[in-house]
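Notes follow the structure.
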Amino acid sequence: MESIDKYFIVTRAKARKGFSRGCIGRIEAETQTGDILGIVYGSGGGTAKSGGLLKREETYPLTRHQAQLLLFVSPASRRLEILCNQTLFKAICELAQDDLIVVRYKKGFQPCLVKNLMQIGRKDGSDDLNMLGFELQPVSPQNSDKKLSSKKPAPLPVFSAADIIQVAQSSTKLPLRDNHTIGINRRTVSRINSMPIMGSKNGFLGKKISRNSPEVESLSNSYQLEVGSMVEMASDRNVILYGVIRWIGVPTGEKGDWAGIELDNDVGTCTDGTFHGQRYFTCRGNRAVFVPLEMCMPDGRFHSPSPSSSAGTEESPQTPLAVTPIEEDEGEEEDVPPLTESEVLRVLEGKMKGIQGHFNSCYLDATLFSLFSSSMTIDRLLQSSANAEVSICRQMRRDIVNQLRRHGFVPAENVMNFRKQLGCNTYVTEEKDPEEFIAILFQRVLHMDPLLKMRLNGDSGSSQDAYTYQIILEKNDVGHCPSVQQLLETSFMSCNLKFEEVPSCLMVQMPRFGKNFKMFPCIMPSTELDITDLLHQFPRECFICGQLAQHECTQCFRDRKLLPGRIKQYCSTCNTQVHSHPSRQGHTPRSLALRAELSTSSPVPRTHMQLFAVLCIQTSHYVSFVKYGPGPQSWMFFDSMADRSGDDHTGYNIPEVRACPEVGDFLSQSEEACACVDLSQASDLVRRLLCDSFICLYQSSR
Ligand SMILES: [Zn+2]
Ligand SMILES: [Zn+2]
């Protein structure tokens, strides 16, 4: 068993020589007053050098393993940041061989398998503390490792704990340790550049607020605390309590965001995760406390003093860590185009690919993946928008769109930071509907005009603008497995709507309401929509003879003798003929006007839109299908929470992208053939596409 108290890290040292913040040391003895006689290790590890007396509250205890991992991290102040993210650091300490992790590497994110622990530097004496790094094998694209077989494999890169931004899979295997691991390697390596961790840009390291200051009241989570953050708060008796946030939300009967905190120690009046009789998380008894989020601040034991508070005092002369946002220093503002059809699978396919889900974010992950992974439509709209330089728009571009297209992976932190910008607290934690998010995204983030400009009640009607179109119809108007084409036409006829102009992007919401009610057991996502007959004052051809149509009849639309469910418009001759039938004499066809600027030459040009993504929902979880190239089989499936590692509170979601050529094969059939499909025989993904579709996304082929 490792002794937890033997090693320590200096958390708030005075300017005592050799004891700056982040120094790692070993306890040699304790005084009767509780002070520590410690020695600290140099940044290169190895032999301990200076020694002296320290107060216990200026230190934080470490195991030998923790101390060794942190010793390899530089600068020393960076070690405290790692300790702040307790959940992640705990997972890093428990890494075993072949665990999947993500490291920050060469301006991107690289999923890797843990191969070994590396002792760095020389080993002189048995009791010396050695720096430990991880030997990692990048998770390489398919087949690429075969090429290496003839060559001697290059040594694997070694990373420090600071380079690891995520632990995706925590195995049940024995964690790697330097004293009982198979074949631990020893090698002197140069340090891999450690970058600031995600979250440090939130800036809490630069701020320090004195406890119990009235100022605290007005700071509504300015520290951007989230589940897993180590925090402190003052109890009603002004004792400082330390703990980890396990839950954030609005408890029943309260207002604003509250945090449920698991304290480091038992407190008599606390619970095991309940608040006013309702359970929000589970922990040991007497450890859960619930407070308004604004009462929490980051655990002060790991703070850097702010420059102003250290000025003129005898606090550590060490420069506070520069809080630099993580940015690509070159090409950051450049718009990365979507991956080409031939690149997509290499960059995007696999586990830990796509956008990583976190905290009910699937509605957002699936929507962003659908809109940006392969389509250029929104990019083109943005280019013509004057507001593309607004900061949240640039943030989305940099942290999500460019990351996805360049590296094939967007970590949950990036999505979380973006969610925080959406201007409403509930976007951070709660599950939302994609159509609601789409409206916010296009309106508030991208500052775009409504994508759909529609006109109600024919010629004289009022205009109706929207970002998505919700199908509205009577169930009996179409068959039991209608196509999107049928649904759209029927809905437009029922609501008496026309498009004022051809939309560049048309997002059609299927008729399903709430989480459970679907109007149809399955819907065929038409790969191509013909919207010619849905355009206001555009030329259309006579349903019977193909000449230029001059009349439209809504009653004929449902006529069972006339191919029901298809829009009917006629030339003058055919209009008279059709309506001479006794059963149609009561019809009231409407005459069609034509825009002066449009040519009326025959044949009438058709206007098509192409299906490029389908957002699906299955028991309140959103996933998406995306067409990634012109090839008929070029379809992929994305789930931001395909798998999960660890338990409910400390685990991570593992997003996954899978090629699904079978979906492409299925959709390549005629709609009539598709409609005859036996769902029980269809592949899993084809069934999900047909049964769970929620929004079908079309782009103009022009
Ligand atoms: Zn005709
Ligand atoms: Zn009619």
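Whatever order the structure lists them in is the order used to number ligands and atoms, beginning at 1. Positions are given from 1 along the sequence. No hydrogens, no waters, no symmetry mates; every other heavy atom, side chains included, goes into these values.
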Looking at F638, Y628, F409, F369, which hits side-chain contact (heavy atoms from CB on, under 4.5 Å) with L348?
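Answer to the side-chain contact (heavy atoms from CB on, under 4.5 Å) test with L348 among F638, Y628, F409, F369: F369.
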K420 bridged to E226 by N-O distance under 4.0 Å:
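A salt bridge links K420 with E226.
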Is a donor from one side chain sitting under 3.5 angstrom from an acceptor on the other, for [X] and [Y]?
X    : Y    : result
E341 : S634 : yes
Q699 : S504 : no
S640 : Y622 : no

Apex the Zn ion (ligand 2) - arms SG from C556 and ND1 from H587 - angle rounded to 10°:
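Roughly 110°, rounded to 10°.
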In the protein, how many N/O/S atoms are under 2.8 Å from the Zn ion (ligand 1)?
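Protein N, O or S neighbours of the Zn ion (ligand 1) under 2.8 Å, waters not counted, come to 4.
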Contact check, side chains of T607 and D530, non-hydrogen atoms, under 4.5 Å
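No, too far: nothing below the 4.5 Å cut-off.
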